[in-house]
Amino acid sequence: MSTEYEISRIQERWLPIWDKLKPFDSSREDDDRPKKYILDMFPYPSGDLHMGHAEAYALGDVVARYWMQRGYNVMHPIGWDAFGLPAENAAIKRGLDPRAWTYENIDQQKSSMRRYACSFDWDRVLQTCDPIYYRWNQWLFLQFYERGLAYRKNSNVNWCPSCQTVLANEQVVQGLCERCDSQVTKKALTQWYFKVTDYADRLLDDLDTLEGAWPSKVLTMQRNWIGRSIGANVDFEIEGREQPVSVFTTRPDTLYGATFMVVAVDSELARELADAAPTDVKAAFEDYLDATKQANDIERLATDREKTGLFLERYASNPLNGERIPIWVSDYVLADYGTGAIMAVPAHDQRDLDFANAMKLPVRVVVQTDEDPIETGIATTGDGVLINSGELNGLGKAEAIEKAIEILEDRKTGIRSKNFRLRDWLISRQRYWGTPIPIIHCEKCGEVPVPLDQLPVELPDSSGLDLQPKGTSPLGAASDWVNVACPKCSGPARRDSDTMDTFVDSSWYFLRFLDPNSEEVAFDVEKAKSWAPVDQYVGGVTHAILHLLYARFFTKVLHDMKLIDFEEPFTRLLNQGMVLMNGAAMSKSRGNLVRLSEQLDEHGVDAIRLTMSFAGPPEDDIDWADVSPAAASKFLARAWRVANDVKSAKEVDPTTGDAEMRKHTHQFLKSFGEAIEGFKFNVGVAKVMELTNALRKAIDTGPGAADPAVREGAEELAKALSLYAPYAAEEMWSVLGHEPSVALAGFRAVDETLLVQSEMVAVVQVNGKLRDKFSVPVDISEDELRELALASEQVQKAIGSSEIKNVIVRAPKLVNIATG
RNA sequence: GCCCCGAUAGCCCAAUGGCAGAGGCAGACGACUUAAAAUCGUCACAGUGUCGGUUCGAGUCCGACUCGGGGCACCA
């Protein structure tokens, strides 16, 4: 046995042993330990693991290994989010096969994860690009289709000219493509959607059930994203048009202040209204529409942008007072929100006021407040008394809203309604490396779902296909693949050649882990009952909206399909921060990239994992310039030496050991558990260091290396350290005479009797300032403590000649004397 | 512009309303050593961003502000 702690030697020693023992196997049917499902967000296989992965997986592992030590049957699976553009782009750029590129990277990441000692259950691995996985994407798509939750429509969609594909709303950030930062433009296309908006209310309301269990930041972002507005749809009669135009408003109380109507310039309605307008107006409309289409979202969304618009020379009629108001078109009204038309109340809506001022339109105040928007130029939105509003006069804002809706509903010219900022999820992509959409288009029968027994619709080989993005799916050119007989009429038909957004893959993968290789079902309903939902989800905040919202949507649909009995997929969520270098995100171009592999070679896996955990609270960013893996390494050696110094036999009875040392150990066990369960992994490390220091002292200058309490402490130290530094912990466990694996050794139960103190230090304050302290029995009475405190010389000196006004006694800890 | 989070020692960070320090880095000193490294030990350093309030007592609660980070921002 070596007397030195050597990184490389111990790492090589344990991997094969773990392979043989499979300590993280969660598949045993007869396992009667309580179950816990701990999940790390699965990675995208673009190259090898980096520092960010190292942090995320270190923290996830602490949680997983903690519950194992607590005696739980922990399912801690891993897989790969393996479809997606980078594989395809690598293929285009370097002439590689996207499939081969993906699997190569997966192999590399897998071996890095094993070396990194992740406690994954390697028998549950999945890859979303495997037909055995994505056939269930297709199956789910067809289930959604059957329920009307998957549909095709033509609309103006986000288009990334660089990726040459459509994007979901969620993938457009500040008008730029989330992936490549190109300016996103609009394009009219027929695309597949999932009807997320059907679930908008539940997606919003159920966030309340996650309060306290998810970071509030994420909850806020989701609430913002869904953006529910309550109000009314109000019908305005239009001169020269059969049908009235309905507008959505959250302020039906201000209906009397509506001095004009605005229609989104790029809406169907605007086109129709303009067509029947005078010719010169019509020509101006075309010019304005063209200009709008050229403006990108960045310009359009700029809040300080000047309002533009055009009067159509047509008129609408206010349903409450019959007033004739002009109809304008503008680009500040969105075609795809509400009905694409608004009633403009300039006095009480800033956008409308800006427009009215720009176009010299009238402003009428109907809610009286201290400020006059006509004078200030600032629209008032607060509460006030209704004026100029007929039957609403004299009411407050809230009553007026109710009354207005009542009147509208009575007259059948309006209805209570709500609107969401959330749009349906656009899922089709004109790219190769994704799940084929299982629909066949037949000239006679239209959209025909691929029969379930013909799933999966496998992706054809990429050889011979031109993957270069050109706005249509490369699959369309795979003639052998795309041309099929219609399942209904057997006539000539074509497969849908689009592939699914990869967020479809990740929306339900946590369920697939229950049964990753099943050919019969997407996941087993009974296994879902016993394992799901995920007890603890760990991942970056970058997925705060996209992935988490979609996964929540899928969960609710699957619940309604009666496949699962819960409505939220992730019971608890932990967002780890990012790893930075010198205050900035690492990148090659910045020249501040820290290579994980180099760090691991230099310091070893244990030291890097420990550094990641100890750097600070998990949700904070780690600046690699601020941390010291060398120090972590030094500490591990110190801990190892403590274990190596233990002289007692492993059979000794710890209760015969030194009481002080035992107290240290059991206090440690208690506070360590509290730290981990509160996600304070850095505090957990500090506790481990504290225990190590106590053991060092006990061995050197206390009861000595042969004391049974020292063995007890060293054993618990090894178990606790196994969360952070699995190799060193295994080595310690072995040197203490035990068989592997320490990962499953299980913490000793806390002996509460050891934590009871007979004496403790009481402090005495005078006016909140510390003046004296002395040791007292823990069960000292308030009166006794008060007397002791008042008898103190220090205290008397501090009181001096002033009068004692109040004495607060918190036995046995504290006395505070307030003087006048 | 609105909302959220943070600010504690030279640095990273702890502290159920009750002694500002758990732990670490960097630093000083000592032991061991021919010496150094490693190791072991000892020590020093802040009154908690600013102002005000509540309280017997505030890093902790409340209000305003400064700085830093994040989210939202023509969604009617």
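Within every chain, numbering begins at 1; the chains are lettered A, B, ... in the order of the sequence lines, protein sequences first and strands thereafter.
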Over how many whole Å does the gap from Leu580(A) atom CG to G68(B) atom C1' extend? 14 Å

Can you tell me how far C1' in C67(B) sits from the matching atom in A26(B), rounded to whole Å? 26 Å

So, is G47(B) syn or anti if syn means the angle is within 90° of 0? syn

Close N or O pairs between protein and nucleotides 24-27 of chain B (under 3.5 Å):
residue	atom	partner	partner atom	Å
G24(B)	OP1	Asn693(A)	ND2	3.4

If the cut-off is 4.0 Å, is Asn682(A) near the phosphate of A14(B), judged by side-chain N/O to OP1 or OP2? yes

Of the nucleotides C19(B), C13(B), U39(B), which has the atom closest to the Arg641(A) side chain? U39(B)

Minimum side-chain heavy-atom gap Ile817(A)-Val815(A) below 4.5 Å: yes

What pair of heavy atoms forms the shortest contact from Thr259(A) to Pro362(A), and how long is it? OG1-O, 2.9 Å

Hey, which sits more toward the 5' end of RNA chain B by its nearest nucleotide, Leu770(A) or Thr339(A)? Leu770(A)

Whole-Å distance, Ile226(A) CD1 to A73(B) P, equals 14 Å

I'd like a table of atom pairs between the protein and nucleotides 56-58 of chain B - only N or O on both sides, under 3.5 Å - with the distance next to each one.
residue	atom	partner	partner atom	Å
C56(B)	O2'	Asn816(A)	ND2	3.4
C56(B)	O2	Asn816(A)	ND2	2.4
G57(B)	O4'	Asn816(A)	ND2	3.4

OP1 or OP2 of A14(B) versus the side-chain N and O atoms of Lys687(A): is any pair under 4.0 Å? no

Rounded distance in Å - CZ (Arg223(A)) to P (A73(B)): 17 Å

Ala584(A): side chain to side chain contact (heavy atoms under 4.5 Å, CB included) partners, not counting sequence neighbours: Arg590(A), Asn592(A)

What is the separation between atom CZ on Phe635(A) and atom P on U39(B), rounded to the nearest whole Å? 13 Å

Any Lys/Arg nitrogen of Arg786(A) or Asp783(A) sitting under 4.0 Å from an Asp/Glu carboxylate oxygen of the other? yes

Just checking Lys217(A): base, sugar-phosphate only, or nothing, at a heavy-atom cut-off of under 4.0 Å? sugar-phosphate

I want to verify a distance call: between C40(B), U16(B), C13(B), whose nearest atom is closest to the Arg696(A) side chain? C40(B)

So what's C61(B) paired with, Watson-Crick or G-U wobble, going by both distances under 3.5 Å? G53(B)

P atoms of C19(B) and G52(B), separation to the nearest Å: 24 Å

Nearest to the side chain of Ala686(A), heavy atoms from C-beta on, is which of C40(B), A22(B), C19(B)? A22(B)

OP1 or OP2 of C72(B) less than 4.0 angstrom from a side-chain nitrogen or oxygen of Arg421(A), does that happen here? no

Hunt down the Watson-Crick or G-U wobble partner of C13(B), both distances under 3.5 Å, from any strand shown, or write none. G21(B)

What is the base-pairing partner of C40(B), counting Watson-Crick and G-U wobble geometry with both distances under 3.5 Å? G30(B)

What distance, rounded to whole Å, do you find between the two C1' atoms, one in C13(B) and one in C25(B)? 11 Å

Starting the side chain at C-beta, find the nucleotide from C74(B), G71(B), A22(B) nearest to Asn224(A). G71(B)

Base-pairing mate for C74(B) - Watson-Crick or G-U, with both contacts under 3.5 Å: none

Rounded to the nearest Å, what distance is computed from the CG atom of residue Asp621(A) to the P atom of nucleotide G71(B)? 11 Å

Using the rule given for side chain to side chain donor-acceptor pair (under 3.5 Å), can you reason through His348(A) versus Thr380(A), listing the C-alpha separation, both sets of side-chain angles and the distance that settles it, and then say yes or no? CA-CA 5 Å; His348(A) 307 295; Thr380(A) 56; 3.0 Å; yes

Closest non-hydrogen atoms of Tyr256(A) and Ser389(A), given as atom of the first, atom of the second and distance, are CE1-O, 3.1 Å

Any side-chain heavy atom of Phe635(A) within less than 4.5 Å of one from Val688(A)? yes

Could you tell me how far apart Phe679(A) (CZ) and C13(B) (P) are, to the nearest whole angstrom? 19 Å

If you look at every strand shown and take non-hydrogen atoms under 4.0 Å, does Thr249(A) touch a base, only sugar-phosphate, or nothing? sugar-phosphate

So, do His666(A) and Glu752(A) sit near enough that their side-chain heavy atoms are less than 4.5 Å apart? no

Across every strand shown, the nucleotide meeting Watson-Crick or G-U wobble geometry with A7(B) (both distances under 3.5 Å) is U66(B)

Glu402(A) vs Arg416(A), salt bridge (Lys or Arg N to Asp or Glu O under 4.0 Å): CA-CA, chis, key distance, verdict: CA-CA 9 Å; Glu402(A) 283 308 308; Arg416(A) 187 184 302 275; 3.1 Å; yes

Asn767(A) and Ala818(A): which non-hydrogen atoms are nearest, and at how many Å? OD1-CA, 3.3 Å

Gln667(A) has an atom CD; how far is it from atom P of A22(B), in whole Å? 13 Å

Would you kindly give the CG-to-P distance between Leu610(A) and G23(B), to the nearest whole Å? 16 Å

Would Lys307(A) pass as a cation-pi partner of Tyr332(A), given that its NZ or CZ must be under 6.0 Å from the six-membered ring centre and within 45 degrees of the axis? yes

Against the side chain of Lys697(A), the closest entry in U42(B), A14(B), U16(B) is U42(B)

Determine the interatomic distance between P on G27(B) and the same-named atom on C32(B); round to the nearest Å. 23 Å

If you define the side chain from C-beta out and look only at heavy atoms, does anything of Met261(A) sit under 4.5 Å from Trp328(A)? no

For the P atoms, the ones on G68(B) and on U8(B), what distance do you get once it is rounded to whole angstrom? 15 Å

C1' atom, A73(B) versus U66(B): distance in rounded Å? 24 Å

